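Structure, as C-alpha cells:
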Amino acid sequence: VESELFGYEKGAFTGANQKGSIGLIRKADKGTLFLDEIGEMPLALQAKILRALQERVIEPVGDPRERKVDVRVIAATNKNLLDAVANKEFREDLYYRLNVFPIPLPALRERVEDIAPLARHFAHILGATAGKRISGFSPAALQAMAQYSWPGNIRELQNCVERATIVASGAQIEEQDLPAYLFAANPAGSSALISEGSVPADLEAALAEVEKAYILAALAQSKGVQAAAAQLIGISERSF
C-alpha cells in the first residue's frame with residue numbers, strides 16, 4: 001500500500017525491477033485523491049499520510065528525496081473512527097486532520113425514498129448485463145424493499161436486485177423474485193393486524209409500527225416522491 005500511494009524507486013524492494021512508480025499521491029497532484037476505508041489503514045502508514053497532509057511532502061519508497069505535493073484528500077470509512085482512536089487503532093492526530101469537513105452519509109434504512117430509484121438504476125444496468133430488459137418493479141416488490149432494514153446498505157440492495165433480475169421471468173420484477181431474507185425479519189408482514197385477543201405490551205410502539213408501514217407503503221407506491229406520498233395519505237407534505 002505504501003508503494004502504491006507514495007511511489008517507489010527501482011530496486012527499493014523485492015519485485016521492484018521496473019523503472020519505478022510515482023505513486024497515486026503524486027499522480028493526484030493539483031487534484032483530488034479519494035481514500036476509501038481509511039479506517040483499515042495500518043498505523044505505520046497513517047503516520048506517513050499525516051505528514052503528507054500536514055507538510056505537503058512525501059518520500060517515495062527507496063528514495064530519501066522529498067517531493068512536494070498539493071492534493072485534496074477525501075477519505076471514507078464505515079467505522080466509527082472515534083472508537084478506533086480510543087482503542088489505539090487509529091491515530092488521533094490523523095483523525096482530526098482528516099475531519100475538517102465531515103459528510104455523514106445516512107444508512108439506506110434512514111432514506112427510504114432512495115430505495116426505489118436506486119433499485120431501478122441497478123435493474124437497468126444489471127438487466128442489460130444479463131441480456132434482459134427490466135422495465136421496473138411491481139408495487140408489492142417496491143413495498144417489500146421499502147420495509148426491509150438493509151443492514152448491508154447499497155451493496156446489499158445491488159446484490160438483491162441482481163438476484164431478482166436473474167430469476168425474474170418477465171419484464172417486471174415481482175415480489176416473489178426478491179430473496180426470501182427480505183421477508184424473514186417480518187414474516188407476518190408489516191401491515192398485518194393484531195390478532196383477536198392479543199394485546200400489545202406497548203400501544204404507542206404498536207401504533208408507530210402501523211404508521212411506519214403505512215408511510216413506507218405510500219412512498220413505495222409514489223416511487224419515492226414525498227409530495228405524492230403525502231397526497232396519497234391525505235396530509236400535507238410538511239406533516240408527512
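Values in this document were obtained by computation on a predicted structure and should not be read as measured data.
When side chains are defined from C-beta on, Leu118 does not count as touching Val161, because their heavy atoms never get closer than 4.5 Å. You'll find the side chain of Ile49 reaches within 4.5 Å of the side chain of Leu5, heavy atoms only. Counting heavy atoms from C-beta outward, Val1 and Phe6 have side chains that stay 4.5 Å or more apart. Using a 4.5 Å heavy-atom threshold, the side chains of Leu219 and Ile115 count as separate. The closest side-chain heavy-atom distance from Phe122 to Ile154 is below 4.5 Å. Using a 4.5 Å cut-off on side-chain heavy atoms (C-beta onward), Leu105 and Arg111 make contact. Inter-residue side-chain proximity for Ile38 and Phe90 is flagged as met; some heavy-atom pair is nearer than 4.5 Å. Side-chain contact check for Met145 versus Trp150: some heavy-atom pair is nearer than 4.5 Å.
Between Tyr181 and Cys160 the shortest heavy-atom distance is OH-CB, 3.8 Å. Across all their heavy atoms, Glu37 and Thr77 have their closest contact at OE1-CA, 4.0 Å. Counting all heavy atoms, side chain and backbone alike, Leu178 lies closest to Ile173 at CD2-CG2, 4.3 Å. Here the shortest heavy-atom pairing between Ala28 and Val71 reads O-CG2, 3.6 Å. The two residues Arg26 and Pro60 make their nearest non-hydrogen contact at NH1-CG, 4.2 Å. Minimum heavy-atom separation, Leu33 to Ile25: CD2-CG1, 3.8 Å.
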I'd like to know whether Thr32 forms a side chain to side chain donor-acceptor pair (under 3.5 Å) with Arg72, so could you lay out the CA-CA distance, the side-chain angles of the two residues, the decisive distance to 0.1 Å, and finally the verdict. CA-CA 5 Å; Thr32 303; Arg72 171 175 55 188; 2.9 Å; yes

Between Gln231 and Val225, does the side chain to side chain contact (heavy atoms under 4.5 Å, CB included) criterion hold? Intermediate values first, please. CA-CA 10 Å; Gln231 190 174 5; Val225 180; over 6 Å; no

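By the criterion of side-chain heavy atoms lying less than 4.5 angstrom apart, applied directly or through intervening Ile, Leu, Val, Met, Phe, Trp or Tyr residues, Leu142 is not grouped with Ile125; the two fall into different hydrophobic clusters. Val61 and Met41 fall into different hydrophobic clusters, where Ile, Leu, Val, Met, Phe, Trp and Tyr side chains are chained together by heavy-atom contacts under 4.5 Å. Hydrophobic clustering (ILVMFWY, side-chain heavy atoms < 4.5 Å, transitive): Tyr8 and Leu24 are in distinct clusters. A continuous path of ILVMFWY side-chain contacts below 4.5 Å connects Leu94 to Leu45, so both sit in one hydrophobic cluster.
Put simply, the side chain of Asp70 never gets that close to the backbone of Asp29: no donor and acceptor are under 3.5 Å apart. Side-chain atoms of Glu66 do not come within 3.5 Å of backbone N or O of Val57 as any donor-acceptor pair. Looking only at distances, a side-chain donor or acceptor of Lys132 sits under 3.5 Å from a matching main-chain atom of Ile166. Asn153 contributes no side-chain N or O that, together with a main-chain N or O of Arg155, makes up a donor-acceptor pair within less than 3.5 Å. In terms of modelled atom types and a separation under 3.5 Å, the side chain of Ser135 and the main chain of Ala171 share a donor-acceptor contact.
Interatomic distance, CG of Leu50 versus OH of Tyr95, reported as 15.0 Å (0.5 Å rounding). Gln172 CD to Ser138 OG: the interatomic distance, rounded to the nearest 0.5 Å, is 5.5 Å. Residue Gln176 holds its CD atom at 9.0 Å from CZ of Phe183, rounded to the nearest 0.5 Å. We find the CD-CD distance between Glu40 and Glu89 to be 9.5 Å, quoted to the nearest 0.5 Å. Atom OG1 of Thr165 sits about 10.0 Å away from atom CD of Gln158, to the nearest 0.5 Å. Between Ile74 atom CD1 and Phe101 atom CZ the span is 11.0 Å, to the nearest 0.5 Å.
In this structure, Glu92 places its CD atom where only 12 or fewer heavy-atom neighbours from other residues, nucleotides or ligands lie under 6.0 Å away. For Glu4, the CD atom is loosely surrounded, since the number of other residues' heavy atoms within 6.0 Å does not exceed 12. Within a 6.0 Å sphere centred on CD of Glu113, other residues, nucleotides and ligands contribute more than 12 heavy atoms. The neighbour count for Arg163 CZ, taken as heavy atoms of other residues, nucleotides or ligands under 6.0 Å away, is above 12.
Exactly one of Val100, Asp93, Asn99 qualifies for a side-chain contact (heavy atoms from CB on, under 4.5 Å) with Arg97. That residue is Val100. Applying salt bridge (charged side-chain N to carboxylate O under 4.0 Å, His left out) to Glu59 and the options Lys68, Lys48, Arg51 leaves one that passes, Arg51.
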